[in-house]
J.: 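Dropping a structure here in structure tokens format, bear with me for questions.
Below, all heavy atoms of this structure are taken into account, side chains as well, without hydrogens, waters or symmetry copies. What you see is a predicted model; the values in this text were computed from it and never measured.
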Amino acid sequence: MQYNLFSSDRFSFFSLSSGSCGNCYYLGNSHYGMLIDAGLGPRVIKKRLGEHGIDFSTIYALLITHDHYDHIKSAAYLAEKLNIPVYTTEKVHRGIRNCPLIKNTINGINKRIIEKGKSFQIEDFRITAFDVPHDSNDNAGYFFEFGNHKMMLATDIGITTDEISEYVKKANHIVIESNYDEQMLRNGRYPTHLKRRITNGTGHISNSQTARFLAENCSEKTKNIWLCHLSGDNNNPELAYQTVKNELINSGIEVNIDVFRRNVLSAKVEL
């Protein structure tokens with residue numbers, strides 16, 4: 001069903017959980033919405049949606065960024081049991097199918113294959129996937145255009161790229177990884193091979209990398225920044241927030257900044 005939006009209709013966005021404990025975000029309006037990633041159990045997703053007054057029956061789609069378990073835990077269940085279409089690349093669909101922890105399947109009409117750089121439509125949302133470097137089978141960020149809004153979401157970023165930069169520059173609302181503090185990781189308990197995996201260009205980016213990248217690419221169009229996928233061992237929300245805020249202030253940029261906490265339902269933001 002296609003809805004015609006009126007100026008009084010508001011779009012909303014929030015995080016159900018963010019981090020290696022499980023990732024899941026909601027974007028929608030008063031009629032319907034979509035999830036981005038499903039790294040929580042279905043009961044938890046239902047409960048947290050309900051806390052913001054959203055019923056599962058209004059979820060029209062699930063978009064998956066990549067095939068690591070903290071992003072796909074319930075993806076096949078939502079497709080098979082709740083008939084929710086799952087949108088992602090062919091490589092990510094293959095990764096979900098081959099994951100030994102996934103017991104359900106995504107088949108038929110609920111398997112929606114997308115290509116990076118080719119926009120597609122879900123109701124009033126025009127969506128474009130783009131490449132994000134990470135050590136998964138494939139990894140996509142998403143650029144959403146809806147109403148008067150443009151939103152970019154990129155998580156699990158091994159290294160920032162010119163392509164990610166272009167979407168940041170166009171966005172009013174930015175959701176971006178700020179995974180670790182460099183000193184905490186360097187002095188922390190992780191073994192050397194894991195520290196290298198995080199920092200080698202296909203793992204994650206640090207608070208300072210995120211801060212510099214945003215300072216270089218944000219513009220007067222930018223209204224909101226949400227920092228996501230924080231490490232539970234090598235970061236904390238206050239440190240991520242201050243690192244990014246200070247860099248933006250030093251660059252003369254004033255914008256609303258918030259941090260999505262691990263395994264915590266965020267406030268619902270009316271865009």
J.: Charged N to carboxylate O under 4.0 angstrom, Lys223 versus Glu254?
T.: no
J.: Is the charged tip of Lys170 near the ring of Phe143: under 6.0 Å from the six-membered ring centre and within 45° of its axis?
T.: yes
J.: Donor-acceptor pair, distance only, cut-off 3.5 Å: does the side chain of His229 make one with the backbone of Glu177?
T.: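 Pair absent, no side-chain N/O of His229 close to backbone of Glu177.
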J.: Give a yes or no on whether the backbone of Ser206 and the side-chain of Gln209 come within a donor-acceptor separation of less than 3.5 Å.
T.: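 Present.
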J.: With distance as the sole test, does Asn98 use its side chain to make a donor-acceptor pair with the main-chain N or O of Arg94 at under 3.5 Å?
T.: yes
J.: Do the side chains of Ser208 and Glu182 get nearer than 4.5 Å, heavy atoms only?
T.: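 A side-chain contact exists here, since the closest heavy-atom pair is under 4.5 Å.
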J.: Compute whether any side-chain donor of one residue and acceptor of the other, for Asn179 and Asn235, lie under 3.5 angstrom apart.
T.: no
J.: For Asp67 and Ile96, indicate whether the former's side chain and the latter's backbone hold a donor-acceptor pair under 3.5 Å.
T.: no
J.: What about Val255 and Tyr241, same hydrophobic cluster or not, with Ile/Leu/Val/Met/Phe/Trp/Tyr joined at side-chain heavy-atom distances under 4.5 Å?
T.: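 Val255 and Tyr241: one cluster.
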J.: Do Leu27 and Val269 belong to the same hydrophobic cluster, where Ile, Leu, Val, Met, Phe, Trp and Tyr are linked whenever their side-chain heavy atoms lie under 4.5 Å apart, directly or via other members?
T.: yes
J.: Taking atom CZ of Arg97 as the centre, report whether more than 12 heavy atoms of other residues, nucleotides or ligands fall under 6.0 Å from it.
T.: yes
J.: So that I know where these two stand, are Tyr26 and Phe13 an aromatic pair - ring centroids less than 6.0 Å apart?
T.: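 No - the distance between ring centres of Tyr26 and Phe13 does not fall below the 6.0 Å cut-off.
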J.: Treating Arg48 as the side-chain partner and Leu16 as the backbone partner, does any N or O pair qualify as donor plus acceptor under 3.5 Å?
T.: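 Pair found, side chain donor or acceptor close to backbone of Leu16.
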J.: Name the orientation class of the two ring planes belonging to Tyr32 and Phe125 (parallel below 30°, tilted from 30 to 60°, perpendicular beyond 60°).
T.: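 Rings of Tyr32 and Phe125: perpendicular, as their planes differ by over 60°.
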J.: Taking a hydrophobic cluster as the set of Ile, Leu, Val, Met, Phe, Trp and Tyr residues connected by side-chain heavy atoms closer than 4.5 Å, whether directly or through intermediates, do Phe120 and Leu153 fall within one such cluster?
T.: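 Looking at the clustering, Leu153 is in the same group as Phe120.
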J.: Tell me, with the steps shown, if Phe14 and Tyr25 meet ring pair (Phe, Tyr, Trp, His ring centres under 6.0 Å).
T.: CA-CA 6 Å; Phe14 59 89; Tyr25 308 95; 9.6 Å; no
J.: Looking only at the side chains, is there a donor atom on one of Ser12 and Glu270 sitting less than 3.5 Å from an acceptor on the other?
T.: no
J.: Do Arg43 and Lys46 come within less than 4.5 Å of each other through their side chains, counting heavy atoms only?
T.: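 Side chain of Arg43 against side chain of Lys46, heavy atoms only: no contact under 4.5 Å found.
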J.: Just checking Asn187: does its CG atom have more than 12 heavy atoms from other residues, nucleotides or ligands closer to it than 6.0 angstrom?
T.: yes
J.: A quick test of your reading: do over 12 heavy atoms of other residues, nucleotides or ligands sit less than 6.0 Å from CD of Gln242?
T.: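 Result for CD/Gln242: enclosed.
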J.: Take a 6.0 Å sphere around NZ of Lys268 and say whether it holds more than 12 heavy atoms from other residues, nucleotides or ligands.
T.: yes
J.: So with a 6.0 Å cut-off around CD of Glu115, is the heavy-atom count from everything else above 12?
T.: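 No, the 6.0 Å shell around CD holds no more than 12 heavy atoms from other groups.
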J.: Out of the candidates His71, His66, His68, Lys73, only one should pair with Asp37 under the side chain to side chain donor-acceptor pair (under 3.5 Å) rule; please name it.
T.: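 By the side chain to side chain donor-acceptor pair (under 3.5 Å) criterion, Asp37 pairs with just one of His71, His66, His68, Lys73: His71.
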J.: For Lys116, does the NZ atom have more than 12 heavy-atom neighbours from other residues, nucleotides or ligands under 6.0 Å away?
T.: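 Correct, the count exceeds 12.
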J.: According to a 4.5 Å side-chain heavy-atom criterion applied to Ile, Leu, Val, Met, Phe, Trp and Tyr, with indirect links allowed, do Ile36 and Val86 form part of one hydrophobic cluster?
T.: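 No, Ile36 does not connect to Val86 through the hydrophobic network.
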J.: Are the side chains of Lys150 and His173 in contact, using a 4.5 Å heavy-atom criterion?
T.: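 They are not in contact (no side-chain heavy atoms under 4.5 Å apart), so the answer is no.
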J.: Would you indicate whether Lys111, at its atom NZ, is surrounded by more than 12 heavy atoms from other residues, nucleotides or ligands within a distance under 6.0 Å?
T.: yes
J.: Give a yes or no on whether the backbone of Lys221 and the side-chain of Asn172 come within a donor-acceptor separation of less than 3.5 Å.
T.: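 Side chain of Asn172 to backbone of Lys221: a pair is present.
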J.: So does Ile64 get a backbone contact from the side chain of Tyr142, meaning a donor-acceptor N/O pair under 3.5 Å?
T.: yes
J.: Check whether Tyr60 and Leu62 end up in the same hydrophobic cluster, where Ile, Leu, Val, Met, Phe, Trp and Tyr are linked by side-chain heavy atoms less than 4.5 Å apart.
T.: no
